[in-house]
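Step one of this worksheet: look at the structure below.
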Amino acid sequence: MMGSVEVCINGEWGTICDDLWDNIDASVVCLQLGHAEVSTAYRGGFFPSSASAIYLDDLRCSGTEKHILHCPYDFNVVDCSHNKDAGVKCYVKGNCTHGDLRLVGGKTYHEGRVEICSNGVWGTVQGSLWGRPDAIIVCGALGFLFNISYSRPVLDTTEYGKADGPIILTDVFCSGDETSLFDCFHSLRTTSLVHDNDVGVWCHPPEPLCYDGDVRLVNGPVEHWGRVEICFNETWGTITDDFWSYNDGKIVCRQLGYSDQVVTVRYDAYFGQGTGPIYLDRVRCSGLESKLVDCLHSKDTSGDTHAEDAGVECAPKGLCSNGQLRLVNGTIESEGRVEVCVDETW
């Protein structure tokens, strides 16, 4: 809802002069009308009015009033005309919580124009003093690595897009120890209708859960046994046991830093079925690769299920059990030099 503000006195509607008119005065109007108290104040007769009278000037609301006539004001309107009629835009409450932050219009999820929720309405932040401590508060509140964040005033509104909501905070100045932008020094008063000075931030993204090609062993009785899972796009998934062999398991163990000389491969979801995506099928390692992703493989897993999840049992590096045997340096897993373990040494 928006328009010229008119007030009824003695049964007649009249306007309000825009001297000292700001968004705090406008918020009292919106609250009185039953809307969210977040608002934008318009000046200079922005909205036409049919009223002939001009009643009030120099409104100085604190924002706590429930009625516009409860604010301090002057009846002396001799220097006013309808070219100075005050206007307002009231906003509808949305689904945000007071103090929530979000980044809008960025090329990545960790940068953008800073918007803050005030009483259920999203709006922007402005401040000529905006700097790194302010960015620390924003990025930290959003769960990013805030110690290497930086800020930028959005002087070019095409960078993050031009906002069309209210301006919530101005003159923000944080020490860096606050938990919310509302805890920082700030002003709630603004007469600006221009979003050219909205601020933005670039936050360092959190460390990924895993990197493409990482492998891990899951659901084994010891850390070096388990279902083989591989990471793509920061998400873990499984590998089918089609063509799964000693050389494939050997590369998994080697990549994880375990011994690649004593390897037992497992089939048919021996360590339980996974629940995520199935990434690789028909893995065919030569035994010389350093990572499983370097082996020949197929990514067509459309006909596979987690009942075929591959597993492996690796041996910890340098550890073995007395009397254990192994075959070393053979061309296949069933031949090689015979070694025996005594006192955890081969």
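Counting begins at 1 with the first residue of the sequence.
- Note that CD1 of Ile137 and SG of Cys174 are 5.0 Å apart. Values are rounded to the nearest 0.5 Å.
- For the pair Ile251 and Lys291, the tightest heavy-atom approach, listed with the atom from each and the gap, is CG2-C, 3.5 Å.
- In this structure, Asp100 and Trp122 approach most closely via the heavy-atom pair O-CZ3, 3.4 Å.
- Ile278 and Val228 end up in different hydrophobic clusters when Ile, Leu, Val, Met, Phe, Trp and Tyr side chains are linked at under 4.5 Å.
- Between the side chains of Asp183 and Ser180, no donor N or O sits under 3.5 Å from an acceptor N or O.
- Taking SG of Cys80 as the start and CD1 of Ile54 as the end, the distance is 6.0 Å to the nearest 0.5 Å.
- Pairing each heavy atom of Leu292 with each of Cys285, the nearest pair is CD1-SG, 3.7 Å.
- Side-chain contact of Thr15 with Asp85: a donor-acceptor pair under 3.5 Å is present, judged by distance alone.
- Between Phe182 and His186, the two ring planes are perpendicular [angle over 60°; tilted spans 30° to 60°].
- A salt bridge links Glu339 with Arg337: at least one charged nitrogen is closer than 4.0 Å to a carboxylate oxygen.
- Shown here for Trp244 and Ile239, the closest heavy-atom pair between the two residues is CZ3-CG2, 4.2 Å.
- Between Ile24 atom CD1 and Glu65 atom CD the span is 9.5 Å, to the nearest 0.5 Å.
- By the 4.5 Å side-chain criterion applied to Ile, Leu, Val, Met, Phe, Trp and Tyr, Trp236 is assigned to no cluster and stands alone.
- Side-chain N or O atoms of Arg284 include one that pairs as donor or acceptor with a backbone N or O of Arg282 at under 3.5 Å.
- No side-chain donor from either of Tyr246 and Ser334 sits under 3.5 Å from a side-chain acceptor of the other.
- The aromatic rings of Trp202 and His110 stand perpendicular to each other, their planes meeting at an angle above 60°, with 30° marking the opposite boundary.
- The aromatic ring centroids of Phe243 and His297 lie 6.0 Å or more from each other.
- Note on Tyr267 and Tyr279: same hydrophobic cluster, where clusters join Ile, Leu, Val, Met, Phe, Trp and Tyr whose side-chain heavy atoms are under 4.5 Å apart, directly or indirectly.
- Ring-plane geometry between Tyr73 and Phe75 is classed as perpendicular, the angle between the planes exceeding 60 degrees on a 0 to 90 degree scale with a lower cut at 30.
- Residues Gln126 and Asp198 bring a donor and an acceptor atom of their side chains to less than 3.5 Å of each other.
- The line from CG of Leu59 to CG of Leu20 is 8.5 Å long, rounded to the nearest 0.5 Å.
- Taking the charged nitrogens against the carboxylate oxygens, Lys299 and Asp281 have no contact shorter than 4.0 Å, which rules out a salt bridge.
- From Tyr55, atom OH reaches atom CH2 of Trp13 across 10.0 Å, with rounding to the nearest 0.5 Å.
- Note that the SG atom of Cys295 and the CG atom of Asn247 stand 8.5 Å from one another [nearest 0.5 Å].
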